[in-house]
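Order of the sequence lines fixes the chain letters, A, B, ..., with proteins taken first and strands second; residue numbering starts at 1 for each chain.
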Amino acid sequence: MTTAQEHFHAVHTTAGRPNPARQVWALVRRNLTHIKRQPEMLTDVTIQPVMFVLLFAFVFGGSIAIPGVDYKEWLLPGIMAQTMTFSAFIVAIGLNTDLGKGIVDRFRSLPIGRSSVVVARSVSSIIHSMIGIVVMSVTGLFVGWGIHEGVLRGLAGYGLLVLFGFAMIWVGILFGSALRSVEAVQGVMFTTVFPITFLSNAFARTDVMPDWLRFLAEWNPISALVQALRELWGNDGIPLREGAALPLQHPVLTTVIWAVGLSAVLAPLAVRAFVARTND
Amino acid sequence: MSGAPAIEAVDLVKRFGDFTAVDGVSFSVPEGTVFSMLGPNGAGKTTTVRMMTTLSRPTSGTGRVAGLDVVRDADAVRQRMGLTAQSATVDELLTGRENLRLVGDLYGLDRPTVRRVADELLERFSLDEAGDKVVKEYSGGMRRRLDLAASLVATPPVLFLDEPTTGLDPRSRVELWGVLRDLVRDGTTLFLTTQYLDEADQLADRIVVVDHGRVIADGTPLELKDRSGRASLVVAVSRGDEVRAAEEIVRSEVGELHVDPDARRITAPAEGVAALTRIAARLDEAGIELDDIGLQRPSLDDVFLHLTGHRAEETADAPAAVPAEAEEAVR
Ligand SMILES: Nc1ncnc2c1ncn2[C@@H]1O[C@H](COP(=O)(O)OP(=O)(O)O)[C@@H](O)[C@H]1O
Ligand SMILES: [Mg+2]
């Protein structure tokens with residue numbers, strides 16, 4: 001028996017016991033290292049939303065706004081909600097890239113919890129999106145946005161954003177597992193999730209929309225989140241339309257219901273898609 | 001657990017829809033030995049490895065690693081085996097060291113051990129200088145070595161390697177063989193798939209040859225080569241319109257032969273150097289121009305041609321006539 005073998009047997013006997021929390025943390029750190037090594041991965045939550053702020057505030061702003069009301073302040077919660085919705089993209093692309101590279105096979109051949117990879121991907125995507133929310137908040141402060149209702153309501157708004165982000169993760173796991181390539185993920189999600197964020201009150205007032213469009217926009221879960229943020233933060237310079245759909249009358253509660261409901265429906269589908277993709 | 005095989009498969013079957021990728025494969029690998037599954041692309045090697053390493057569920061049949069069922073005791077199996085998959089499974093954006101530490105963390109080794117094992121493995125695989133470079137900058141050979149190192153972090157007693165040297169340059173290949181031999185010397189049981197007979201020949205105690213998801217032969221490297229009829233005679237004709245004439249001459253000297261008109265190559269079982277000289281002289285007499293003539297050691301191709309009656313790379317239908325000896329091997 002060589003020294004190498006003795007040594008390796010020694011290691012084997014000290015081999016620790018798999019610990020789910022540590023596995024998730026190790027994988028989150030790995031995902032964040034990716035961002036550190038490829039900072040351009042962050043453009044989706046930095047340059048892109050900042051561009052939207054500038055575009056809408058200064059280009060379209062004039063035609064959407066009401067005289068005397070600060071459209072930028074009203075707009076910012078909308079763009080933050082959109083950024084958080086795009087967590088779905090971030091999860092889907094990250095997961096799909098890993099699946100395509102076979103690194104998930106490496107992880108699955110180790111004695112780790114089945115869900116660790118997905119949980120870690122979700123956590124790091126939320127962190128990724130939160131970086132974007134911080135960037136948006138700072139940008140907002142520069143263009144005159146602010147939180148006017150105190151710290152607690154301010155934090156409650158951020159809490160709602162994160163909660164909504166967790167619901168979007170299931171969408172990401174579903175698309176990321178079901179589609180076969182990163183290009184497919186980008187194509188399909190760009191043509192679905194992206195327009196859905198615009199079919200809302202994020203950028204434009206619903207009272208000037210045609211009936212059918214207003215119906216869709218006011219029942220859109222994103223609109224509830226946006227309205228909740230506007231109310232919590234005092235960014236509702238443009239008042240809610242008289243007789244707006246029920247969800248917008250109670251936006252905080254509705255956002256929580258949407259987040260929990262979407263998770264309840266999508267989680268089993270997402271898990272099934274992931275398991276199907278990683279078996280065989 | 002001496003006596004019990006380290007790896008065992010009984011009638012493994014894997015179907016994808018109505019396509020059968022693995023069609024009743026059985027084998028048994030004693031502890032501390034090297035077992036090689038040899039076969040062309042699409043033979044079912046990766047599918048077999050995936051089933052044995054818990055990544056894919058067998059449609060039917062049983063796989064056992066270290067006496068544990070790969071389906072029922074999947075978690076326990078994962079603690080006892082390492083896998084170096086066919087496509088690299090290291091993280092390109094992490095450094096070599098970070099990759100190994102990640103695997104150590106996932107196994108739940110304590111932190112000082114994780115650090116020490118990562119450093120030691122980097123050194124052992126001559127990656128210590130590149131240890132802090134991101135893997136994207138690694139050569140193919142370095143990636144392979146890192147991939148292998150990652151499989152060894154928890155020193156599994158059983159190691160599966162799926163085509164570990166495919167795509168490597170000859171030098172890296174020989175280096176990797178050296179590493180594998182060291183592992184075997186230290187008591188690891190190896191299961192290795194390959195498309196190259198010489199690789200199986202170099203490393204394996206026992207080989208199964210697979211094609212279309214079935215075992216078509218089984219034996220020691222020596223037995224297989226004997227069965228496939230020593231060396232072959234290869235004649236490469238310069239001009240396409242002389243292939244037929246050359247074929248006539250070769251046929252009159254040897255029995256069966258294989259002609260590849262596109263490559264202008266005639267292959268036949270070698271009947272010794274005397275036959276070679278005779279054939280060369282007669283071709284010369286007939287004024288047939290040659291690019292090359294000589295004896296070739298048996299290759300996977302020859303083994304295949306002999307065992308199945310079709311060439312390895314042909315996607316021919318199931319072999320028309322499986323030789324009796326191969327039939328026996330399946331049982
Ligand atoms: N997930 C899958 N779905 C359908 N067919 C598959 C799948 N995986 C492998 N196959 C098919 O099974 C056969 C064996 O593949 P594989 O095990 O990868 O062969 P090898 O590793 O020997 O080259 C091939 O014909 C391949 O196309
Ligand atoms: Mg393969």
Side-chain angles (χ1 to χ4, degrees), chain A residues 1-41 94 97-114 116-117 120 124 275-280, chain B residues 14 16 47 50-51 53-57 74-95 98-99 101-114 116-117 120 124 134 136 147 150-157 160 182-183 185-188:
Chain A
M1 207 187 243
T2 65
T3 42
Q5 159 124 51
E6 277 158 22
H7 148 66
F8 275 102
H9 271 281
V11 170
H12 201 62
T13 52
T14 57
R17 44 195 63 252
N19 167 345
R22 192 162 157 220
Q23 288 159 11
V24 169
W25 173 232
L27 291 168
V28 167
R29 230 176 26 207
R30 168 222 175 218
N31 296 343
L32 295 181
T33 306
H34 283 190
I35 297 180
K36 198 171 81 192
R37 301 262 153 85
Q38 275 187 341
E40 65 272 20
M41 283 170 75
T97 307
D98 280 352
L99 284 166
K101 285 215 173 103
I103 200 163
V104 169
D105 275 352
R106 154 74 64 203
F107 296 148
R108 287 184 60 235
S109 75
L110 301 176
I112 66 175
R114 289 244 141 180
S116 295
V117 173
S124 55
V275 168
R277 177 69 182 269
T278 52
N279 275 339
D280 303 347
Chain B
K14 181 73 188 186
F16 298 109
T47 308
R50 288 178 62 83
M51 287 190 282
T53 55
T54 76
L55 296 180
S56 171
R57 238 184 133 85
D75 276 326
V77 168
R78 289 189 195 112
Q79 295 195 355
R80 284 164 181 77
M81 63 87 194
L83 165 66
T84 306
Q86 182 169 359
S87 52
T89 54
V90 285
D91 192 317
E92 294 207 315
L93 289 176
L94 300 188
T95 66
E98 285 167 344
N99 264 290
R101 286 184 181 176
L102 172 61
V103 173
D105 283 335
L106 293 175
Y107 269 110
L109 304 181
D110 60 76
R111 267 157 240 264
T113 308
V114 170
R116 201 188 65 230
V117 169
E120 279 168 3
R124 183 164 166 204
V134 288
K136 229 200 277 195
D147 219 329
S151 322
L152 298 177
V153 167
T155 62
F160 289 86
D182 287 347
L183 285 172
R185 207 191 48 222
D186 292 352
T188 309

Value for CG (B:D105) from CG (A:N19), rounded to nearest 0.5 Å, stands at 10.0 Å
How close do A:P111 and B:Q79 get, heavy atom to heavy atom, and via which atoms?
CB-CG, 3.4 Å
Does some side-chain heavy atom of A:L27 sit less than 4.5 Å from a side-chain heavy atom of B:L102?
yes
If you compare all heavy atoms of A:R108 against all heavy atoms of B:T54, which two are closest, and at what distance to 0.1 Å?
NH2-O, 3.9 Å
Evaluate the side-chain proximity of B:S87 to A:K101: yes if any heavy-atom separation is below 4.5 Å, no if none is.
no
For A:R37, salt bridge (charged side-chain N to carboxylate O under 4.0 Å, His left out) partners two or more places apart
B:E98
Run the salt bridge (charged side-chain N to carboxylate O under 4.0 Å, His left out) test on A:R106 and B:D91 for me, step by step, so that the C-alpha distance in whole Å, both residues' side-chain angles and the decisive distance to 0.1 Å come before the verdict.
CA-CA 10 Å; A:R106 154 74 64 203; B:D91 192 317; over 6 Å; no
Heavy-atom proximity to chain A below 4.5 Å, by part of B:Q86:
neither
Counting only heavy atoms closer than 4.5 Å, note whether B:T188 contacts chain A via side chain, backbone, both or neither.
neither
Out of A:P20, A:S116, A:G113, A:S109, return the one with the most heavy atom pairs under 4.5 angstrom to chain B.
A:S109
So which of A:V104, A:V24, A:D105 has the largest heavy-atom pair count under 4.5 angstrom toward chain B?
A:D105
Which heavy atom of B:L93 sits nearest to which heavy atom of A:Q38, and what is that distance?
CD1-OE1, 3.6 Å
Okay, B:N99 and chain A: the region with an atom under 4.5 Å from a heavy atom over there is neither
If you measure from CD1 on A:I112 to CG on B:D75, what distance do you get to the nearest 0.5 Å?
10.0 Å
B:L106 to A:L110 - nearest heavy-atom pair and separation:
CD1-CD1, 3.7 Å
Hits for side-chain contact (heavy atoms from CB on, under 4.5 Å) against A:S124, two or more places apart or cross-chain, chain-then-number order -> A:V28, A:N31, A:L32, A:R121
The interface call for B:V114 against chain A, heavy-atom contacts under 4.5 Å, is side chain
Can you tell which part of A:R22 gets under 4.5 Å to a heavy atom of chain B, answering side chain, backbone, both or neither?
side chain
